[in-house]
Protein chains: 2
Amino acid sequence: MSQVQATLHLEDQLCFPLYAASRMIIQAYREPLEALGLTYPQYLVMMTLWEKDGQAVNEIGKKLFLDSGTLTPLLKRLEASSLIKRIRSEADERRVEIELTFQGKSLKSKAAGIPAMILETLNSWESQELNSLKFELEKLVATLNQT
Amino acid sequence: MSQVQATLHLEDQLCFPLYAASRMIIQAYREPLEALGLTYPQYLVMMTLWEKDGQAVNEIGKKLFLDSGTLTPLLKRLEASSLIKRIRSEADERRVEIELTFQGKSLKSKAAGIPAMILETLNSWESQELNSLKFELEKLVATLNQT
DNA sequence: TCATTTTAAATTGATTACAATTGAATTTAA
DNA sequence: TTAAATTCAATTGTAATCAATTTAAAATGA
């Protein structure tokens with residue numbers, strides 16, 4: 001039986017399965033997202049914008065735990081794909097606000113089927129099991145976000 | 001209450017907390033690993049070698065789910081740090097076997113305290129809770145590895 | 001044998017991720 | 001009000017991740 005211990009062995013540490021699972025599930029998104037011309041982090045940004053258009057780089061970064069070093073080039077690529085516009089705020093010229101283009105808004109309906117596709121990949125899993133895993137991971141994020 | 005659903009909302013998908021938690025816990029390793037001159041993926045490679053020295057790139061890759069595109073430059077950096085030697089196998093010249101140097105072996109004792117330091121970061125967590133989370137993540141890796 | 005296939009590592013190119021710094025705008029406080 | 005501190009995005013540099021391809025070696029089969 002697996003146990004969390006303070007040892008130097010790969011199989012004893014929480015971090016490795018977390019790291020591996022994260023990469024593998026992002027991998028599962030690759031094919032469906034490729035059809036939309038998006039990478040996984042770009043998809044996350046688009047989702048935050050589909051929820052609320054016109055957010056500043058800063059706000060997006062707080063939600064995704066990403067900084068401008070990651071977001072600025074990513075957003076430039078989304079702009080180059082004509083999915084968003086980057087607009088320097090007039091009220092506060094430090095801010096850059098991100099607005100969806102028509103194409104960016106249209107992409108939402110094409111992306112609508114993706115979550116269900118991913119759940120199908122996990123079809124051997126009980127919904128309850130996924131909920132509990134998600135809940136524990138959210139708690140972990142909250143714990144790690146304090147420090 | 002959180003629920004795993006097939007929607008396009010950040011908070012409804014399993015993947016995002018997985019992605020966020022993975023990056024945050026790797027972040028928690030950064031400071032202790034910096035003292036050893038290692039990044040997190042380099043630490044994973046060193047751990048596999050501390051468990052079994054002399055493995056080929058291929059074998060390390062299977063354990064960490066990484067390919068030569070990631071490992072070759074990473075291993076070259078570890079070699080430049082004098083922690084490992086990359087040795088072309090004589091029996092099979094396609095293979096490159098990785099051997100720890102004296103310094104590489106010595107680093108193990110310096111790394112010994114790291115897992116306990118990370119557990120301290122999670123000190124509000126019950127050991128049972130961590131075990132169960134780890135177990136679920138390992139199951140997830142197994143599921144995703146099949147597809 | 002010798003052509004074909006497979007395997008292993010390396011390489012190339014694109015994208016993230018993140019520390020550290022910069023430059024500019026805004027806010028705070030003296 | 002003005003100097004200092006803070007905030008925001010961008011930039012720079014290093015490292016990782018992964019797809020796709022390349023090169024070489026080894027294994028397979030006709």
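Protein chains get the first letters and strands the later ones, always in sequence-line order, with residue 1 at the start of each. Given the structure is predicted, the values throughout are model-derived calculations rather than measurements.
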When all nucleic acid strands are considered with a 4.0 Å heavy-atom cut-off, which category describes A:L74: base, sugar-phosphate, or nothing? sugar-phosphate
Heavy atoms under 4.0 Å, any strand shown: does B:L71 hit a base, just sugar-phosphate, or nothing? nothing
Whole angstrom is fine here: how far is it from [atom1] in [X] over to [atom2] in [N]?
| X | N | atom1 | atom2 | answer |
| --- | --- | --- | --- | --- |
| B:R23 | D:dA15 | CZ | C1' | 15 Å |
| B:D67 | D:dA20 | CG | C1' | 11 Å |
| A:Q42 | C:dA17 | CD | C1' | 14 Å |
| A:E31 | D:dC18 | CD | P | 16 Å |
| B:L75 | C:dA10 | CG | C1' | 12 Å |
| A:E90 | C:dT26 | CD | P | 11 Å |
| B:Q27 | C:dT16 | CD | P | 19 Å |
| A:D92 | C:dT26 | CG | P | 5 Å |

In this structure, CE of A:M24 is separated from OG1 of A:T121 (nearest 0.5 Å) by 12.5 Å
The side chain of [X] lies closest to which of these nucleotides: [options]?
| X | options | value |
| --- | --- | --- |
| A:V96 | D:dA15, C:dT11, D:dA10 | D:dA10 |
| B:T70 | D:dA16, C:dT16, C:dA25 | D:dA16 |
| B:R94 | D:dA9, C:dT26, D:dA25 | D:dA25 |
| B:E93 | D:dA25, C:dA9, D:dA16 | D:dA25 |
| B:L66 | D:dT7, D:dC18, D:dA16 | D:dC18 |

Distance check: side-chain N/O of [X] vs OP1/OP2 of [N], anything under 4.0 Å?
| X | N | answer |
| --- | --- | --- |
| B:R88 | D:dA24 | no |
| B:R86 | C:dA9 | no |
| A:R30 | D:dA19 | yes |
| B:T72 | C:dT11 | no |
| A:K76 | C:dT15 | no |
| A:Y40 | D:dT17 | no |

Nearest-nucleotide comparison on DNA chain D, the residue closer to the 5′ end among A:R95 and B:T39: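 The 5'-side residue here is A:R95.
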Starting from the 5' end of DNA chain D, give me the residue, A:E59 or A:Y19, whose nearest nucleotide shows up first.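 The residue closer to the strand's 5' end, by nearest nucleotide, is A:E59.
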Taking side chain to side chain contact (heavy atoms under 4.5 Å, CB included) as the criterion, tell me which of A:K63, A:K62, A:R95 meets it with A:Q55.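 Per the side chain to side chain contact (heavy atoms under 4.5 Å, CB included) rule, the option paired with A:Q55 is A:K63, out of A:K63, A:K62, A:R95.
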Salt bridge or not between A:E138 and A:K134? Use side-chain N to carboxylate O under 4.0 Å.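 Salt bridge flag = yes for A:K134 with A:E138.
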Please step through side chain to side chain contact (heavy atoms under 4.5 Å, CB included) for the pair A:V57 and A:I98, ending with a clear verdict. CA-CA 7 Å; A:V57 175; A:I98 308 301; 4.2 Å; yes
Within the modelled atom types, does a donor on one side and an acceptor on the other bring the side chain of A:S68 and the base of D:dA10 under 3.5 Å apart?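 By the distance-only test, yes, there is a pair.
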For the residue pair A:Y43 and A:Y29, categorise the inter-ring angle as parallel (less than 30°), tilted (30 to 60°) or perpendicular (more than 60°).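 Answer is tilted, since the angle falls between 30° and 60°.
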Determine, stepwise, if the pair A:C15 / B:I118 fulfils side chain to side chain contact (heavy atoms under 4.5 Å, CB included). CA-CA 9 Å; A:C15 189; B:I118 301 299; over 6 Å; no
Under a 3.5 Å cut-off for both distances, is C:dT28 Watson-Crick or wobble paired, and to whom? D:dA3
